[in-house]
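Just below is one structure, and these are the notes that go with it.
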Amino acid sequence: MTFIDLRDRYGITQLAFNMDGRAVLCGKARALGREYVLKATGIVIERSSKNLKIPTGEIEILVEEFDVLNESKIPPFTIEDNTDGGEEQRMKYRYLDLRRNVIKKNIELRHKMSVETRNYMNAQGFIEVETPCLIKSTPEGARDFVVPSRMNAGEFYALPQSPQTFKQLLMVAGYDRYYQIVRCFRDEDLRSDRQPEFTQIDCEMSFVTKEDILNTFEGLAKYLFKNVRGIEVNDFPRISYADAMKYYGSDKPDIRFEMKFVELKSSGSSPHLGGLEGGNSPFEGGKGDVIDLTSGKNFKVFDDAELVVGICASGCGEYSRKQLDELTEFMKRPQIGATGLVYVKCNNDGTFKSSVDKFYNEEYLKKWAATFQAKPGDLILILAGNTEKTRKALCELRIEMGNRLGLRNPDIFAPLWVTDFPLLEWDEETHRFYAKHHPFTSPKPEDIPLLETNPAAARANAYDLVINGVEIGGGSIRIHKKDLQKKMLKTLGFTDEEAQSQFGFLMNAFEYGAPPHGGIAFGFDRWCAVFGGSESIRDYIAFPKNNAGRDIMIDSPSAISQQQLDELNIRLAPGNKK
Ligand code: ASP
């Protein structure tokens with residue numbers, strides 16, 4: 001007998017060739033190579049040795065006739081779940097990579113996500129409206145990709161970073177429930193969860209409050225959890241930005257596990273609010289009590305620190321010297337940049353062992369342990385320094401401990417809303433405010449006066465959806481009045497003329513009966529990846545680009561001809577000719 005695994009989109013079917021009586025056919029079958037395209041006719045029979053792991057494992061086809069429809073070169077890597085192909089090869093031969101089951105499943109998941117998204121949105125009375133790709137800059141915090149205009153020499157279109165202004169114009173036009181599964185373009189440095197072009201589920205509604213939006217889109221998320229992943233999820237918790245920073249050191253906390261930050265020393269103010277260091281914050285959550293359980297014992301690192309904060313790793317009290325050194329090294333890597341890591345081991349006999357027990361006696365350590373609600377057998381890990389940096393670093397440590405303790409299971413989902421972001425972010429380099437979300441986001445009504453007096457303290461009427469430590473979406477209630485929009489742009493450093501030339505179209509529209517409105521957009525590729533249990537969005541995009549923004553399969557970007565350049569009125573700087 002000779003057997004061939006015949007693969008198509010739906011799986012594998014075994015072809016069987018019997019030497020008895022069909023020796024010629026059998027010989028022909030033996031000469032076939034991998035990835036040949038076949039057409040076979042025969043009789044479906046029950047297999048003598050069954051493979052119950054695959055749906056077609058109980059049958060085979062006893063072939064009577066077959067044709068080779070096309071031959072194949074030997075593929076550069078094996079078309080199997082665990083392929084021997086490296087990233088580069090897989091991208092170059094993406095059409096072969098897409099044949100692999102694991103990738104095919106991702107692409108199917110993506111399809112299911114878009115079908116179910118449309119089902120939900122349509123049932124809620126939203127209509128899908130397309131918006132243009134050749135537009136003028138929409139600021140979303142990245143660089144624009146630009147397209148030269150042949151018919152308007154010296155002028156450029158920008159590709160949309162999102163359809164933000166268009167969806168707002170649709171609200172002015174009276175289309176009170178809009179959505180679009182839409183491509184967006186941002187020219188920024190790439191990481192595994194970023195692509196220069198990516199897809200959003202973009203949504204906008206009129207006559208709504210933040211509450212309406214959170215409910216509608218929590219509904220979408222629950223619907224997708226149920227219909228795509230088969231999971232019922234509870235109501236999503238909500239946390240303010242200030243609390244997210246205080247307890248998790250991140251505005252996208254992974255709350256699959258607790259391990260919240262506990263402060264041993266803090267000044268009570270949060271420097272995150274408005275991005276200004278040391279500013280007094282109007283945010284309730286960020287405004288912790290002033291506490292100090294560390295000063296006065298001559299331990300300079302803590303005495304000099306603005307914040308002393310730690311986490312309690314349950315059951316890690318028996319970590320060895322080596323394990324602790326490893327963690328310290330992990331924290332000292334340049335990506336994190338901590339100068340050291342203090343530990344307190346809570347021994348099973350109720351005593352403590354700490355790297356700072358020269359400075360802090362048993363009584364102190366006991367008080368710390370009580371603050372952390374640590375039990376015998378637990379390990380407390382503490383960092384100290386500038387508030388913002390220390391929180392960021394401790395966030396990395398928390399995630400690392402979560403990984404080590406197996407608390408970040410990709411099959412468990414913990415969604416939440418993060419709300420009340422600062423409206424603005426101060427940039428030290430350019431010495432100006434940037435919109436934390438985008439310039440069309442409305443301040444909370446009670447914070448509007450702060451735009452005049454203390455812009456850094458103004459909170460935005462904005463919200464993010466976070467799942468398992470990944471920002472899945474974000475949005476806001478928008479400004480819908482010209483005056484406030486003007487004031488906002490002025491706060492961002494635009495002169496009246498600049499504001500008018502860049503955003504006049506929107507502000508003018510606000511003068512023709514613009515309804516109050518708000519919306520949200522979800523990163524579709526990311527959401528697919530999170531549902532698929534992966535950190536990389538590339539495996540959920542049929543034809544992604546690599547880290548350098550290149551499509552190495554089609555070899556793009558690439559040079560264009562002199563004639564094309566001439567038509568576009570473009571002259572390249574010397575040295576940039578290819
Ligand atoms: N346009 C925003 C973004 O792309 C989303 C929104 O505010 O609706 O992040």
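For ligands, and for the atoms within them, numbers begin at 1 and follow the listed sequence.
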Student check: side-chain heavy atoms of D447 and L423 closer than 4.5 Å: no
Under 4.0 Å to a heavy atom of A521 - the qualifying atoms of ligand 1, by number: 5 (C), 8 (O)
Part of Q200 within contact of ligand 1 (heavy atoms, under 4.0 Å): side chain
Atoms of ligand 1 close to I520 [distance to a heavy atom under 4.0 angstrom, numbered from 1]: 8 (O)
Nearest atoms (heavy-atom pairs only) where R177 meets Q124: NH1-O, 2.7 Å
Protein heavy atom at shortest distance from atom 9 (O) of ligand 1: E140 OE1, 3.6 Å
pair M113-L224: side-chain heavy atoms closer than 4.5 Å: yes
Contact check: R478 vs ligand 1, nitrogen or oxygen atoms, below 3.5 angstrom: yes
Validation row: F413, R229 side chains within 4.5 angstrom (heavy atoms): yes
Subset of ligand 1 atoms that lie under 4.0 Å from at least one heavy atom of H437: 6 (C), 7 (O)
Ligand 1 contact by K167, heavy-atom criterion under 4.0 angstrom: yes
Ligand-residue contact atoms, ligand 1 with G475, heavy atoms, under 4.0 Å: 6 (C), 7 (O)
Would you tabulate the side-chain donor-acceptor contacts of residues 481-489 under 3.5 Å, counting partners in other chains and residues two or more places apart, or write 'none'?
from, atom 1, to, atom 2, distance (Å)
Q485, NE2, P439, O, 2.9
K487, NZ, E452, OE2, 3.1

Ligand 1 to S162 polar contact by distance, N or O atoms, under 3.5 Å: yes
Residue list, side-chain contact (heavy atoms from CB on, under 4.5 Å) with R143, at least two apart or on another chain: D187
Ligand-residue contact atoms, ligand 1 with R186, heavy atoms, under 4.0 Å: 3 (C), 4 (O)
Ring centers of Y540, F531 separated by less than 6.0 Å: no
Ligand-side contact atoms (ligand 1) for residue partner Q164, heavy atom cut-off under 4.0 Å: 1 (N), 2 (C), 5 (C), 6 (C), 7 (O), 8 (O)
Partner of L394 under side chain to side chain contact (heavy atoms under 4.5 Å, CB included), chosen from I336, L307, I311: I311
